[in-house]
Engineer: 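Structure below; questions to follow.
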Amino acid sequence: MSFANVFSIPIGNKVLLYAPLHQFTALVNQAALYSIRDSLQKSQLPPPVLQPIVDQLVKQPVPPSKRTGPLDTPVFLGIIPTRGCNMACSYCDFAALKQDSPMMTFHTARRAVDAYFDMLRDSTTTQAAVHFFGGEPFVADHVIHFVVGYANMRAEEYGMTVNFEATTNGLYNTNRCQWIAEHFSTIVLSLDGTPDIQDRHRPGINGAPLSDIIIRNAKILSEGPVELVIRACVTAETVVRLPEIAEWISQEFRPSTVCFETLSLSHVAADIAFAPPNPWEFATYFDQAACILAESGIETVISTADLYAPRVSFCPVGKDALIVSPDGAVDTCYLLQKDWESSGLDLRLGWLRESGFELSPVSIQHARDLNVDNRPLCADCFCRFSCAGGCHVNHDTSRPPGQYDDLCIQTRLITVTRLLRQIGQDTLADTWLADRAAAEAAVWQPNDRLLCPEVIS
């Protein structure tokens, strides 16, 4: 039996015992920890009060799934109708032409849908999924309208259902917004906060404020059958306002989820003095915002602290997503090619041809191998199956274990706090997060494993 993925994190004079592959968390004292360790390491009987914990840990762990074999059931079909955009977000360094980027043709869109459903036809799945990315995908709303109609027709032909999801800035007229609310399963809407924040962060191409349109459309989406996820970018300026933003969202909209993500530093953001928040401040205000939103039944998430199910990859990379660009390139990442190439990555899987997808088995395996098992920084971190190392393109994990950066710090802080709240330790979560010395003892621990590698059997 291997206990390699059982972790212990100091929480003041207590220890958080965390086994993500067993879906198990417990808070124990140091004496109990030593007894549990001896029981696992030396097969000694623990005190009766600790036997239930040991019983949980000796169960066979359930590792996160990894894709193997032929690529025949993609996690979703991604469509990039255009890289163009109808906004000029202040911090955006997505270096595509705003208004003159090529748009996907109906012919390419149809071939993509056909190739996807033909691939699914020979599998046992009855559920299809189509996700739209950009730029701003609804700049090419005619392409999206066609894909939705055509994919629904193909799904009916094969006795399947199909869900549609899009990541969008929300800038369209009310008729289009109502159509989206009725035809999409999930919308991820970029809305950074109250009107003053939104207009500073996400103005129009001519610099005009657009918050009134985005807020209007967020309310339309809130009232429709679509699941609304609000995604807010947090900067050093706005981090202290997270509780205020959470209160405002809970009063104005009805999202299922609010996703707070910290600003990715770029030369564009730096030129206007935008900066990411301090990770300690972010964790504190994130937690306060999460508690406020929870009172309204709204879930709060950050992408690197996903505690729902263990995973080995942070994003679609390695999960056999097929993301089609306007020119017919098929990638496993929706970011620009120049961005992943600058990080030394090749995330191209192949091309969309007249006959269907032409994919390279070598490229597919390369993408599958980009998982947390091959990210040195993550080797001994208790977040390795919830964070999975973060973005492959923007987060360097080639450093040795324990050399944490700001993303690691905020992820570790938030993950501990959420684990404590999950087991009903709300008061301890509050006091621990406010105690900088106690929090640092956990955050800077270079190796979180309960048992050292040389004694793991």
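Quick caveat, the model's predicted, so the values are computed rather than measured.
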Engineer: To the nearest 0.5 Å, tell me how far Thr82 OG1 sits from Phe132 CZ.
Structural biologist: 13.5 Å

Engineer: Looking at residues at least two apart in the chain, or sitting in another chain, which of them share a side-chain contact (heavy atoms from CB on, under 4.5 Å) with Pro401?
Structural biologist: Ala379, Asp380

Engineer: Hey, does the side chain of Arg384 reach the backbone of Cys378 with a donor-acceptor pair shorter than 3.5 angstrom?
Structural biologist: yes

Engineer: Quick check against the 3.5 Å criterion: does Gln425 have a side-chain atom that pairs as donor or acceptor with the backbone of Leu419?
Structural biologist: no

Engineer: For Glu227 and Ser256, does a side-chain donor sit closer than 3.5 Å to a side-chain acceptor?
Structural biologist: yes

Engineer: Is any side-chain heavy atom of Asn5 less than 4.5 Å from a side-chain heavy atom of Tyr18?
Structural biologist: no

Engineer: Measure the CG-CG distance between Asp435 and Asp430 for me, rounded to the nearest 0.5 Å.
Structural biologist: 12.5 Å

Engineer: Quick one: do Asp306 and Arg418 make a salt bridge, cutoff under 4.0 Å?
Structural biologist: no

Engineer: Is there a donor-acceptor pair under 3.5 Å between the side chain of Asp192 and the backbone N or O of Gln198?
Structural biologist: no

Engineer: Distance to the ring centre below 6.0 angstrom and angle to the axis at most 45 degrees; does that hold for Arg176 and Phe138?
Structural biologist: no

Engineer: Using a distance-only test with no angle check, is there a side-chain donor-acceptor pair under 3.5 angstrom linking Ser303 and Glu261?
Structural biologist: yes

Engineer: Taking side-chain hydrogen bond (donor to acceptor under 3.5 Å, both in side chains) as the definition, give me every residue that meets it alongside Asp199, ordered by chain and number, with sequence neighbours left out.
Structural biologist: Ser211

Engineer: Within the 3.5 Å criterion, strictly below it, is a donor on Asp55 or Gln51 matched to an acceptor on the partner's side chain?
Structural biologist: yes

Engineer: Where do Leu428 and Leu420 land on the side chain to side chain contact (heavy atoms under 4.5 Å, CB included) test, with the steps shown first?
Structural biologist: CA-CA 7 Å; Leu428 181 57; Leu420 288 172; 4.1 Å; yes

Engineer: Would you please say whether a donor-acceptor pair under 3.5 Å links the side chains of Thr262 and Gln410?
Structural biologist: yes

Engineer: Under 3.5 Å, is there a donor-acceptor pair between the Thr194 and Arg241 side chains?
Structural biologist: yes

Engineer: Looking only at the side chains, is there a donor atom on one of Glu247 and Gln251 sitting less than 3.5 Å from an acceptor on the other?
Structural biologist: yes

Engineer: Can a donor-acceptor pair be found, under 3.5 Å and without considering hydrogens, that links the side chain of Arg399 to the backbone of Leu377?
Structural biologist: no

Engineer: Please test Leu370 against Leu347 for side chain to side chain contact (heavy atoms under 4.5 Å, CB included), starting from the C-alpha separation and ending with a verdict.
Structural biologist: CA-CA 10 Å; Leu370 293 172; Leu347 302 179; 3.6 Å; yes

Engineer: Going by distance alone, is a donor N or O of one side chain under 3.5 Å from an acceptor N or O of the other, for Asp405 and His395?
Structural biologist: yes

Engineer: Ile36 versus Val6: any side-chain heavy-atom pair under 4.5 Å?
Structural biologist: no

Engineer: Can you find a side-chain donor-acceptor pair between Asn169 and Asn86 that sits under 3.5 Å?
Structural biologist: yes

Engineer: Is there a side-chain contact between Gln30 and Leu33 (heavy atoms, below 4.5 Å)?
Structural biologist: yes

Engineer: Which distance, rounded to the nearest 0.5 Å, do you find between the OH of Tyr285 and the CG of Leu242?
Structural biologist: 9.0 Å

Engineer: Can you see whether Thr397 engages His392 through a side-chain donor-acceptor pair at a distance of less than 3.5 angstrom?
Structural biologist: no

Engineer: Is a side-chain N or O of Thr238 found less than 3.5 angstrom from the main chain of Val234, in a donor-acceptor match?
Structural biologist: no

Engineer: Hey, what do you get for CG (Leu120) to OG1 (Thr126), rounding to the nearest 0.5 Å?
Structural biologist: 10.0 Å

Engineer: Could you please spell out the steps behind the side chain to side chain contact (heavy atoms under 4.5 Å, CB included) verdict for Ser313 and Val372?
Structural biologist: CA-CA 6 Å; Ser313 181; Val372 72; over 6 Å; no

Engineer: Looking at Arg375 and Ser398, would you say the former's side chain and the latter's main chain have a donor-acceptor pair under 3.5 Å?
Structural biologist: no

Engineer: Report the C-alpha separation of Phe274 and His201 in whole Å, then their side-chain angles, then the decisive distance to 0.1 Å, and conclude whether the ring pair (Phe, Tyr, Trp, His ring centres under 6.0 Å) test is met.
Structural biologist: CA-CA 9 Å; Phe274 274 25; His201 283 193; 5.2 Å; yes

Engineer: When you compare the side chain of Val162 with that of Val148, does any pair of heavy atoms fall below 4.5 Å?
Structural biologist: no

Engineer: Quick check against the 3.5 Å criterion: does Ser39 have a side-chain atom that pairs as donor or acceptor with the backbone of Ser35?
Structural biologist: no

Engineer: Quick one: side chains of residues 214-224, donor-acceptor pairs under 3.5 Å with protein atoms, not counting sequence neighbours, listed by atom name and distance.
Structural biologist:
from, atom 1, to, atom 2, distance (Å)
Arg216, NH2, Tyr172, O, 2.9
Asn217, ND2, Gly170, O, 2.8
Asn217, ND2, Tyr172, O, 2.9
Lys219, NZ, Glu252, OE1, 3.0
Ser222, OG, Ala218, O, 2.9
Ser222, OG, Arg254, N, 3.0

Engineer: Is a donor on one side and an acceptor on the other found under 3.5 Å between the side chain of Lys319 and the backbone of Arg67?
Structural biologist: no

Engineer: Got a donor-acceptor contact below 3.5 angstrom from the Ser296 side chain to the Ile298 backbone?
Structural biologist: no

Engineer: Mark yes or no for whether Thr257, through its side chain, and Val301, through its backbone, hold a donor-acceptor pair below 3.5 Å.
Structural biologist: no

Engineer: For the residue pair Val75 and Asp320, establish whether any side-chain heavy-atom pair is separated by less than 4.5 Å.
Structural biologist: no

Engineer: Distance alone, cut at 3.5 Å: any donor-acceptor contact between the side chains of Asp38 and Gln41?
Structural biologist: no

Engineer: Does a donor on one side chain and an acceptor on the other come within less than 3.5 Å for Glu136 and Thr168?
Structural biologist: yes

Engineer: To the nearest 0.5 Å, tell me how far Leu359 CG sits from Ser363 OG.
Structural biologist: 9.0 Å

Engineer: I'd like to know if the side chain of Arg202 pairs up with that of Tyr91 as donor and acceptor (distance under 3.5 Å, no hydrogens or angles considered).
Structural biologist: yes

Engineer: In terms of ring plane angle, is the pair Phe133 and Phe76 parallel, tilted or perpendicular, where the classes change at 30° and 60°?
Structural biologist: tilted

Engineer: Flag the pair Phe164 / His183 as yes when their ring centroid distance falls below 6.0 Å, and as no otherwise.
Structural biologist: no

